[in-house]
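Below is one structure, written out as structure tokens; the observations come after it.
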Amino acid sequence: MIQPQTAPEVNGDTRTAPLLLVADPESTLVHGLADALEREGVVVTGVTDGAQALLQAGALRPDVVLVSASLPVIGAVEFIRAVRLSRPIPVLLGVGEGHAEQAVQALTAGATACVARPYRVPELLPLVQAAFSGESASRRPLVVGRVELDVNAYQVRVEGHTVHLPLREFELLHYLMRNAHRTVTREQIMRHVWNSTDTTSTNTIAVHVKRLRARLGDTDDQLIQTVRGVGYRLVDKTA
């Protein structure tokens with residue numbers, strides 16, 4: 001188990017930093033995340049299975065729990081259900097390729113939101129800080145024109161109709177909508193959506209953009225516009 005560098009006070013009101021409990025079978029991934037978040041003032045405790053996570057959730061009373069969709073011993077969905085019976089701790093589910101079904105089950109069980117795994121500090125930090133400050137960790141749906149994306153419910157609607165997206169396309173659309181009306185480069189997309197600095201894989205982006213356009217009914221490429229030689233821009237077609 002990864003112990004926090006500074007043990008937080010859990011029985012009173014003297015805790016001065018948010019406490020995040022991370023449950024993930026890959027200890028090296030947790031160590032890296034802990035190092036990065038502790039530089040941002042977050043205290044991190046890590047465990048590698050769901051049974052340990054349940055024990056530490058009760059003992060430490062963390063502000064937020066982050067659990068991997070592939071959590072062993074006690075699975076992520078079972079963990080979320082158990083936590084919901086005791087106290088309303090915000091629970092984030094770390095998902096990767098192939099975890100769409102687990103994401104739906106976890107959100108139904110009461111997960112607060114899904115986040116990309118491998119984990120990204122810019123995505124996690126606002127959620128942890130919001131929970132610690134007493135603000136709602138949930139985020140309002142993003143709306144650009146006729147497209148609505150609800151990251152908490154892992155749901156996309158176009159003109160009110162639900163559109164089912166694979167995880168990577170959901171993350172791509174989420175990133176484009178967060179940067180609506182701004183051009184984002186292929187390098188930025190690789191870094192923020194694929195968590196990669198490999199600039200030779202831009203054809204991967206083009207393939208996913210093509211599939212995403214088809215699912216959204218963007219037949220004239222006017223919702224997700226190609227900025228030749230640079231990247232892409234998502235715009236409001238109704239404007």
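Model, not experiment: these values are computed from the prediction. By convention here, the first residue in the shown sequence is residue 1.
- Every salt bridge (Lys or Arg N to Asp or Glu O under 4.0 Å) that R157 has, sequence neighbours left out, goes to E148.
- If you take CZ on R61 and CG on L21, they are separated by 14.0 Å, rounding to the nearest 0.5 Å.
- For T183, the side-chain contact (heavy atoms from CB on, under 4.5 Å) partners two or more places apart in sequence, or in a different chain, are V227, V230, R233.
- By the side-chain contact (heavy atoms from CB on, under 4.5 Å) test, Q105 is found to be paired with V77, E101, residues two or more places apart in sequence or in another chain being considered.
- The side-chain contact (heavy atoms from CB on, under 4.5 Å) search around V158 returns V147, V163, L216, not counting sequence neighbours.
- Considering only residues two or more places apart in sequence or on other chains, A180 meets the side-chain contact (heavy atoms from CB on, under 4.5 Å) condition with V144, L234.
- Checked against side chain to side chain donor-acceptor pair (under 3.5 Å), D49 has the following partners two or more places apart in sequence or in another chain: Q52.
- With P18 as reference, V128 is the one residue of V44, V128, L125, V43 to meet the side-chain contact (heavy atoms from CB on, under 4.5 Å) rule.
- Residue pairs satisfying the salt bridge (Lys or Arg N to Asp or Glu O under 4.0 Å) criterion with at least one member in residues 19-31, sequence neighbours excluded, are listed as follows: D24-R117, E26-R117.
- Counting only residues at least two apart or in different chains, side chain to side chain donor-acceptor pair (under 3.5 Å) contacts with residues 69-82 comprise S68-S70.
- In this structure R215 satisfies the side chain to side chain donor-acceptor pair (under 3.5 Å) test together with E169, sequence neighbours excluded.
- In this structure Y119 satisfies the ring-ring contact (aromatic ring centres under 6.0 Å, His included) test with no other residue, sequence neighbours excluded.
- What you find for V95 and C114 is that their closest heavy atoms are CG2-CB, 4.2 Å.
- Proximity of a side-chain donor or acceptor of R213 to a complementary backbone N or O of L223 within less than 3.5 Å is not detected.
- The ring-ring contact (aromatic ring centres under 6.0 Å, His included) test applied to H208 returns W194, not counting sequence neighbours.
- The distance from the OG1 atom of T108 to the CD1 atom of I80 is 10.0 Å, given to the nearest 0.5 Å.
- The list of salt bridge (Lys or Arg N to Asp or Glu O under 4.0 Å) pairs with a residue in residues 176-185, not counting sequence neighbours, is empty.
- Residues I205 and V235 do not share a hydrophobic cluster, defined by chaining ILVMFWY side chains whose heavy atoms lie under 4.5 Å apart.
- At distances below 3.5 Å, not a single donor-acceptor pair connects side-chain atoms of D35 with backbone N or O atoms of R39.
- Between L176 atom CG and H181 atom NE2 the span is 12.0 Å, to the nearest 0.5 Å.
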